[in-house]
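These notes are about the structure you will find just below.
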Amino acid sequence: MNGKVTRQNSIKTKLVLVFLLPVVLMIILGIISFNQSSTSMTETYEKNALMTLNMMGTYLDLGFQTVEGKGIQLNTNEIIKKYYSADDTEKNHSSVEQYKNVQNMVSSVVLNDNIISNIYILTDSKAGVSAHSSLSPGLYTEYMNSEEGKMFVESNQKYMWTGYHPHLDEVLKIDSADYGATLNYYLYNNNNKKVGLIVLDINSSFIDEVLEKVDFGQQSIVGLVTQDGREILKGSNTEDFSIKETEFGKQLINGTLSEENGVSYVTYNNQKYLFVHQPVSKGAMYLWTLIPEQMIISQSSKMLKITVSFVIMASLIGMIVVGFMVRDISKAIYQMNNVTSSAAEGNLRQEIKLKRKDEFYLLGKGISYMISSMRKLIGGMKEESQEVAEAAAKVDASTTKLHSATMKITEVVNNISGITQNQADDAKSCLIKMSELSEQIKVVSGKAENITEVTQRVQGDIEYGMTSMNVLSENANHTAIISKEIIEHIQVLEEKTNLIHEIVSTINQIAKQTTLLSLNASIEAARAGQAGTGFMIVASEIGELAKESQTAASKIQEILNGISQQTKDTVISAKKSEEIVAIEHRSLDEAHKVFGSIKIEINLLSKYLEELMLSVGQMHSAKEDTLGAVQNITEIAEHTVENTEILNITNERQREVVEELYLAVEKLRITSDCLEESVSVFKTV
C-alpha cells in the first residue's frame with residue numbers, strides 16, 4: 001500500500017499517450033487527405049490534360065480534314081482532269097491556256113488557305129504544277145520509285161499522310177522546315193486512270209500555333225509525331241529530347257501501346273511523367289504531351305506541410321496543458337489514497353475533505369460515503385453470517401438430491417444415444433443400397449437406349465431392304481415384259497424364216513427350170529451347128545448359173561434350218577426365263593411380305609422399348625424421391641444423434657455444475673466462518 005507508481009504507469013504518462021492518440025490520428029488524417037487530394041488532383045489533371053489534348057487533336061483533325069477536302073476538290077476538278085486527260089504532246093495555244101488555268105487554280109488554293117503552304121502536281125507526260133513554279137515532266141515516276149513513293153504504294157490507299165518527302169525536297173530544293181506535314185493523293189484522269197500525284201504541304205506555323213496555345217506547366221513537353229518519325233516539339237528541355245528514341249515513343253508510333261484511354265505514366269531520365277497521347281488523322285499522326293508528376297502533386301505537398309506544422313504546434317501546447325493538469329490531479333489522488341489505505345487496514349472512522357469543485361470532489365465525497373456505508377455493512381454482516389451458515393446447510397442437502405437425479409438422466413440419455421446411433425447407421429446402409437440400385441437403373445436405362453438405337457437402325461435397314469425388293473420386283477416385271485417381247489420377236493423371225501424357205505424353194509424351182517432350159521438350148525445349139533456356137537456358150541453359162549443358184553439355195557436352206565433350230569431353242573430358253581422370272585417375282589412378293597411382318601414386329605419392339613424407357617424414367621424418378629427420403633431420414637438420424645450427444649454433454653455439464661455447486665456450498669460454509677472472524681477486525685465505533 002505504501003509502494004510508488006512507476007513512470008510508465010503514472011497518470012501523467014497515460015494522459016500524454018491519450019493526448020498523443022488524436023495527434024497521431026490527425027497525422028494519419030493529414031496523410032490520408034494528402035493521398036486523396038493527390039489522387040483527386042492527379043485524376044482531375046489527367047482528365048483535363050486528356051480533354052485538352054482531345055480538343056487540340058480535334059482542331060488539328062478539322063484542319064487536316066479541310067486539307068483532305070482540298071485534295072479531293074483538286075482531284076475532281078474538271079479543269080485539272082481535262083488538262084491531264086488530253087493526249088496532245090505538242091504545245092499549242094489551248095494546252096498553254098489550260099496549263100495556266102491549272103497554275104492559277106493551285107496558286108489560288110494556296111493563297112486562300114492558311115493551312116496549306118504549297119501544292120505540287122507531279123506527272124510524267126506533261127509539265128507539273130506548284131503554287132510558285134512549274135515542274136518538269138517525269139517527276140511522278142521518280143517520286144513513286146523513291147522510299148516515300150514505295151511506302152505510299154505499299155499502303156494500298158488513295159491518300160496518305162507523312163511527315164517528310166525527302167526525294168521531292170532534294171529535287172525541288174525544298175526546305176523541310178517550311179512544312180510540318182504532307183498529304184499525298186493519286187491524280188486520276190477522266191478515264192479514272194492514275195496519271196500523277198498531288199502533294200499538299202501543311203504550313204508548319206499552323207501546327208506550331210496549335211502546340212503553343214496549350215501550356216501544361218513547367219518542364220512539360222507537347223508535340224506531334226508522324227508515322228515516318230517526324231517530330232514537332234514545344235515546351236522546355238526539347239533540345240536533347242526525341243520521343244521516337246524512347247521506348248514508349250516507339251510503342252506509340254508502332255501502335256502497340258496497351259492503354260486505350262491515352263493516359264499512362266512513363267519514366268524518362270529517372271523521372272516519372274504523365275504521358276497523354278491522342279491519334280490524329282485516323283492514326284497517321286499522334287499528338288502527345290509529357291507532364292512531370294511532381295508538378296501535378298505540388299499543391300498537395302504544400303497542404304501536407306501546413307498540416308504537419310499545425311499538428312506539431314498543437315502537440316506542444318497540449319503537452320504543457322497536460323503537465324499542469326497532471327500535477328493538480330496527482331495531489332488529490334494521493335490524499336484519497338491515504339484515506340483508503342487506512343480503511344483497508346480496518347480504520348473506518350476517517351473522511352476525505354477536498355477543496356475542489358470538479359469530479360475529484362465528487363469522488364472524495366463518494367469514497368467518504370462508501371466508508372460510512374461499509375461501517376453499517378460490517379455491523380450487519382455480523383448478524384447475517386449465522387443465517388448464511390444455516391442456508392448453506394440447506395443448499396447442501398438439495399444439491400445431493402439434484403446430483404442423484406442428474407446421474408439417472410445421464411444413464412437414460414446414453415441409452416437413447418445408442419439407439420439413435422444404430423438408426424443412423426441403418427439409414428446410411430439403406431442410402432448405400434439405394435445408390436447401388438440407382439447405378440443399376442442407370443445401366444438398364446443405358447442398355448435400353450442402346451437397344452432402341454439398334455431397333456432404329458434395323459428399321460432403317462428393313463425399309464432399305466423393302467425399297468430394294470420393290471426395285472427388284474420392278475426389274476423382274478421389266479424382265480418378264482422383255483422376255484415376252486423377245487418371244488414375240490422370235491415368233492415373227494420364225495415367220496420371216498418360213499417366208500425365206502418359200503423363197504428358197506422358188507429359187508430351186510427356177511434353177512431347175514433354168515437347167516432344163518439350158519439343156520434344151522444346148523441341144524438346139526448343137527442342132528444349129530456352127531451357127532449355134534454362141535448360143536451354146538450362153539446356154540452353158542446359164543446352166544452353170546443355175547447350178548450355182550441351186551448350190552446357194554442349198555446353203556441358204558441349211559442356214560435357215562440352223563436359224564430355225566436356234567430360234568426354237570431361243571423360244572424354249574425365253575419361256576424358261578419367263579417361268580424363272582415369274583418364280584422370282586413370286587419369291588420377291590413373299591420376301592416383301594416377310595419384310596413387312598418383320599417391320600411390324602420391329603415397330604412393336606420399338607413401342608415396347610419406349611414403354612420400357614418410360615418405366616425406367618419413372619423408376620429413376622421414384623429412385624430420386626426414395627434417395628431424397630432416405631437422405632432426409634439419414635440427416636434426421638444424424639441430427640438426432642448430434643442432439644443426443646449435445647444433450648449428453650449438457651447433462652454431463654449439469655452434473656459437473658451440481659458437483660461444483662456441492663463444493664461451492666462447502667466453501668460457502670467455510671467462508672461464512674471466515675467472514676465472521678474477518679468482520680470482527682473492523683473498528684466501527
Side-chain angles (χ1 to χ4, degrees), residues 64-113 115-174 176 178-179 181-203 226 228 281 284:
F64 292 154
Q65 287 174 7
T66 302
V67 176
E68 292 174 2
K70 295 291 184 182
I72 294 174
Q73 290 177 5
L74 291 172
N75 206 358
T76 57
N77 186 271
E78 292 298 329
I79 297 175
I80 297 176
K81 276 184 170 292
K82 183 177 180 181
Y83 175 69
Y84 286 106
S85 297
D87 56 357
D88 52 331
T89 57
E90 295 182 1
K91 289 187 177 180
N92 51 42
H93 179 73
S94 176
S95 63
V96 172
E97 187 67 26
Q98 289 177 357
Y99 179 80
K100 288 182 178 179
N101 291 335
V102 173
Q103 179 77 43
N104 292 333
M105 178 175 294
V106 171
S107 300
S108 175
V109 171
V110 173
L111 290 174
N112 294 326
D113 196 314
I115 300 178
I116 300 175
S117 63
N118 205 344
I119 298 175
Y120 306 95
I121 300 179
L122 312 178
T123 61
D124 287 336
S125 60
K126 293 188 176 184
V129 175
S130 72
H132 308 297
S133 62
S134 60
L135 305 177
S136 60
L139 289 177
Y140 171 62
T141 301
E142 293 180 7
Y143 184 84
M144 297 310 291
N145 290 330
S146 65
E147 292 297 328
E148 55 264 37
K150 292 178 180 178
M151 184 171 62
F152 186 19
V153 173
E154 291 174 357
S155 67
N156 293 323
Q157 298 177 358
K158 291 185 178 180
Y159 66 91
M160 183 181 70
W161 283 97
T162 59
Y164 297 103
H165 43 58
H167 176 76
L168 204 60
D169 295 345
E170 182 181 356
V171 173
L172 301 181
K173 308 302 180 185
I174 302 171
S176 60
D178 294 339
Y179 61 92
T182 181
L183 175 63
N184 299 325
Y185 261 103
Y186 282 117
L187 176 64
Y188 296 91
N189 59 11
N190 287 329
N191 295 326
N192 202 26
K193 181 181 178 182
K194 296 176 184 177
V195 295
L197 193 72
I198 301 175
V199 181
L200 297 92
D201 284 347
I202 304 300
N203 200 332
T226 61
D228 57 346
S281 293

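When all heavy atoms of Y99 and G128 are compared, the closest pair comes out as OH-O, 3.0 Å. Between G163 and Y179, the shortest heavy-atom distance links the atoms O-CE1, 3.4 Å. Contact between S107 and A131 at its shortest, heavy atoms only, is OG-O, 3.0 Å. Listed here is the closest heavy atom pair of D113 and K70: OD2-CE, 3.4 Å.
Looking at E148, its side chain does come within 3.5 Å of a backbone N or O of H167 through a donor-acceptor pair. The main-chain N or O of L197 is never found under 3.5 Å from a side-chain atom of N184 such that the two would form a donor-acceptor pair. One N or O on the side chain of N112 and one on the backbone of S108 form a donor-acceptor pair closer than 3.5 Å.
In summary, the side chains of N77 and Y83 do not present any donor paired with an acceptor at a separation below 3.5 Å, with no hydrogens or angles considered.
Under the side-chain contact (heavy atoms from CB on, under 4.5 Å) criterion, N145 pairs with T141, not counting sequence neighbours. Not counting sequence neighbours, Y188 has no partner by the ring-ring contact (aromatic ring centres under 6.0 Å, His included) test. Legend: residues meeting side-chain contact (heavy atoms from CB on, under 4.5 Å) with T123, ordered by chain and number and at least two apart, are Y84, I121, K126, L187.
Between the OG1 atom in T76 and the NZ atom in K81 there is a gap of 7.5 Å [rounded to 0.5 Å]. Rounded to the nearest 0.5 angstrom, I116 CD1 and L74 CG are separated by 7.5 Å. In this structure, CD1 in I79 is found 13.0 Å from CD in Q103, a value given to the nearest 0.5 Å. Taking OG of S146 as the start and CG of L168 as the end, the distance is 8.5 Å to the nearest 0.5 Å. Atom OH in Y186 sits 12.0 Å away from atom CG in N75 (nearest 0.5 Å).
In this structure the side chain of N118 never reaches within 4.5 angstrom of the side chain of I174, judged on heavy atoms. Contact of the I198 side chain with the I119 side chain is registered, since non-hydrogen atoms from C-beta on lie closer than 4.5 Å. Residues L183 and W161 form a side-chain contact, since some pair of their non-hydrogen atoms from C-beta on lies under 4.5 Å apart.
Residues in residues 116-151 take part in no ring-ring contact (aromatic ring centres under 6.0 Å, His included) pair, two or more places apart or across chains. Evaluation of the side-chain hydrogen bond (donor to acceptor under 3.5 Å, both in side chains) test over residues 190-203, restricted to residues two or more places apart or in two chains, returns S85-N190, H165-D201, T182-D201, N203-S205.
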Under 3.5 Å, which donor-acceptor pairs do the side chains of residues 150-160 form with other protein atoms, sequence neighbours left out?
residue	atom	partner	partner atom	Å
S155	OG	F152	O	2.5

- Item | Stepwise side-chain contact (heavy atoms from CB on, under 4.5 Å) check, T162 with T226 | CA-CA 6 Å; T162 59; T226 61; over 6 Å; no
